[in-house]
Amino acid sequence: MSTTADVGLYNSALIPIEKEWIDYNGHLNMAYYNVVFDRGGDEFLAELGFGPKYAAERKLTIYTAEVHICYVQELHLDDVVTVTSQLIDYDGKRLHTYNEIIHQDGWVAATCEVLSLHVDMSGPKVTPFPEDVLPKLAFYKEAHARLPTPARAGRAIGIKKK
């Protein structure tokens, strides 16, 4: 296994923007940014140990509780992107991640901050992480804590009063 000093942001596979995702304004519809984040985020969850096999075998999974997306720059048909992911924090039942959609030319298209819950699918109900997955979470939290804090992390929605 790599040392924490060797682990940077997690990068998803390349994701091409699909024709069906383009709206009447000629750019990626806002709903499909969620699709892109979901695809990239699922890869990161699998890296953390919470992929389809985990759900099928253990009947435990990850549910999204809260999402905050910032749309930074438009995406269009034929653009290709990747999703970077960073584990910001976790506790006994929750994950806090930060993700960015990065265009193949290197610019940020959107950011997404997510609070996720660990869920027992038999309830469904929120349940603690099993002891055997905690070392991987600790590894990524320590490694990602060495990265710069994302500028858009922790933002709130509001209208500034003058």
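Using a 4.5 Å cut-off on side-chain heavy atoms (C-beta onward), F50 and L95 make contact. In this structure the side chain of I102 reaches within 4.5 angstrom of the side chain of V108, judged on heavy atoms. Proximity of I62 to Y54: side-chain heavy atoms (C-beta onward) are nowhere separated by under 4.5 Å. Considering only heavy atoms from C-beta on, T97 stays 4.5 Å or farther from S85 through its side chain. I88 places a side-chain heavy atom less than 4.5 Å from the side chain of P150. At least one side-chain heavy atom of H118 sits under 4.5 Å from a side-chain heavy atom of P130. For the pair L117 and K93, the minimum side-chain heavy-atom distance is 4.5 Å or more.
The shortest heavy-atom contact between T111 and F37 is C-CZ, 3.6 Å. Residues N25 and D23 approach most closely at N-OD1, 2.8 Å, considering heavy atoms.
Linking ILVMFWY side-chain heavy atoms closer than 4.5 Å, directly or via other members, places Y10 and L87 in a single hydrophobic cluster. One hydrophobic cluster holds both Y71 and V67 under the rule that ILVMFWY side chains link at heavy-atom gaps under 4.5 Å. Tracing side-chain contacts under 4.5 Å through hydrophobic residues (I, L, V, M, F, W, Y), one reaches V35 starting from V114; they form part of the same cluster.
The distance from the CG atom of D79 to the CD1 atom of I15 is 12.5 Å, given to the nearest 0.5 Å. Going from atom CG of N99 over to atom CG of D38 covers 10.0 Å, rounded to the nearest 0.5 Å. With rounding to the nearest 0.5 angstrom, the CD1 atom of I101 is 7.5 Å from the CD1 atom of I69. Note that OG of S12 and CD of E47 are 12.5 Å apart. Values are rounded to the nearest 0.5 Å. Rounding to the nearest 0.5 Å places OG of S116 at 11.0 Å from CZ of R94. With rounding to the nearest 0.5 angstrom, the NZ atom of K53 is 10.0 Å from the CZ atom of R58.
Every residue two or more places apart in sequence or in another chain was checked for a ring pair (Phe, Tyr, Trp, His ring centres under 6.0 Å) with Y98, and none qualifies. Among residues two or more places apart in sequence or in another chain, the ring pair (Phe, Tyr, Trp, His ring centres under 6.0 Å) test is passed with H103 by W107.
The pair E43-R39 does not count as a salt bridge, with every side-chain nitrogen at least 4.0 angstrom from each carboxylate oxygen. Under 4.0 Å is where a charged nitrogen must lie from a carboxylate oxygen, and between K59 and D120 no such pair does.
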How far apart are the C-alpha atoms of W21 and V36, what are their side-chain angles, what is the distance that settles it, and do they pass the side chain to side chain contact (heavy atoms under 4.5 Å, CB included) test? CA-CA 10 Å; W21 300 353; V36 174; 3.7 Å; yes
Please walk me through it: do Q104 and L14 pass side chain to side chain contact (heavy atoms under 4.5 Å, CB included)? CA-CA 8 Å; Q104 63 189 355; L14 294 175; 5.6 Å; no
Under the side chain to side chain contact (heavy atoms under 4.5 Å, CB included) criterion, do E113 and E66 qualify, and how do the steps go? CA-CA 8 Å; E113 196 167 3; E66 185 175 342; over 6 Å; no
Could you walk me through whether F139 and V7 satisfy the side chain to side chain contact (heavy atoms under 4.5 Å, CB included) test, starting with their C-alpha distance in whole Å, then the side-chain angles of each, then the deciding distance to 0.1 Å, before giving a yes or no? CA-CA 9 Å; F139 175 81; V7 177; 3.4 Å; yes
Taking distance alone, no hydrogens or angles, what donor-acceptor pairs closer than 3.5 Å link side-chain atoms of residues 26-34 to residues at least two apart or in another chain?
{"from": "H27", "atom 1": "ND1", "to": "E74", "atom 2": "OE2", "distance (Å)": "3.4"}
{"from": "N29", "atom 1": "OD1", "to": "A31", "atom 2": "N", "distance (Å)": "2.8"}
{"from": "Y33", "atom 1": "OH", "to": "L75", "atom 2": "N", "distance (Å)": "3.4"}

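Heavy atoms from other residues, nucleotides or ligands lying under 6.0 Å from CZ of R152 number more than 12.
Note: F129 and Y90 have perpendicular aromatic rings, judged against thresholds of 30 and 60 degrees for the angle between ring planes. Using a 30° and 60° split on the angle between ring planes, H144 and F44 fall in the parallel class, below 30°.
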